[in-house]
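Report on the following structure.
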Amino acid sequence: GSDRDYPRGYEVYLYTEPGKLGAPVASGAGDGPVTAIDVPATVCRFVRIVHTAPVASPWWSIHEIVIE
């Protein structure tokens with residue numbers, strides 16, 4: 001139901017201490033309703049996904065996230 005709701009640009013941060021992001025471990029852009037992002041195997045406590053590109057609609061959302 002949200003075919004046009006995908007990240008036009010993103011950065012992924014993995015970190016263990018609140019507020020200490022460091023450099024992104026992945027960045028790129030989605031091109032459809034399912035975006036798979038590979039990141040290096042990392043022990044972390046927090047995951048932050050930042051949308052970095054403008055989108056035509058007033059919102060952008062993540063319907064489901066799987067972390068393995």
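Along the sequence shown, residues are numbered consecutively beginning with 1. Given the structure is predicted, the values throughout are model-derived calculations rather than measurements.
Of all the heavy atoms in Val39 and Ala26, the pair that sits closest is CG1-CB, 3.8 Å. Pairing each heavy atom of Ala53 with each of Gly9, the nearest pair is CB-N, 3.6 Å.
Ile67 and Ile49 fall within a single hydrophobic cluster, where Ile, Leu, Val, Met, Phe, Trp and Tyr side chains are chained together by heavy-atom contacts under 4.5 Å. One hydrophobic cluster, built from ILVMFWY side chains closer than 4.5 Å, holds both Ile37 and Ile65.
Under the 4.5 angstrom side-chain criterion for Ile, Leu, Val, Met, Phe, Trp and Tyr, the cluster partners of Val50 are Tyr13, Tyr15, Leu21, Phe46.
In terms of modelled atom types and a separation under 3.5 Å, the side chain of Asp5 and the main chain of Ser61 share a donor-acceptor contact. Between the side chain of Thr16 and the backbone N or O of Cys44, no donor-acceptor pair lies under 3.5 Å.
Residues Pro24 and Val12 are not in side-chain contact: their nearest non-hydrogen atoms beyond the backbone lie 4.5 Å or more apart. Residues Arg8 and His51 meet the side-chain proximity criterion, which asks for heavy atoms closer than 4.5 Å. The shortest side-chain heavy-atom distance between Tyr6 and Val34 does not fall under the 4.5 Å cut-off.
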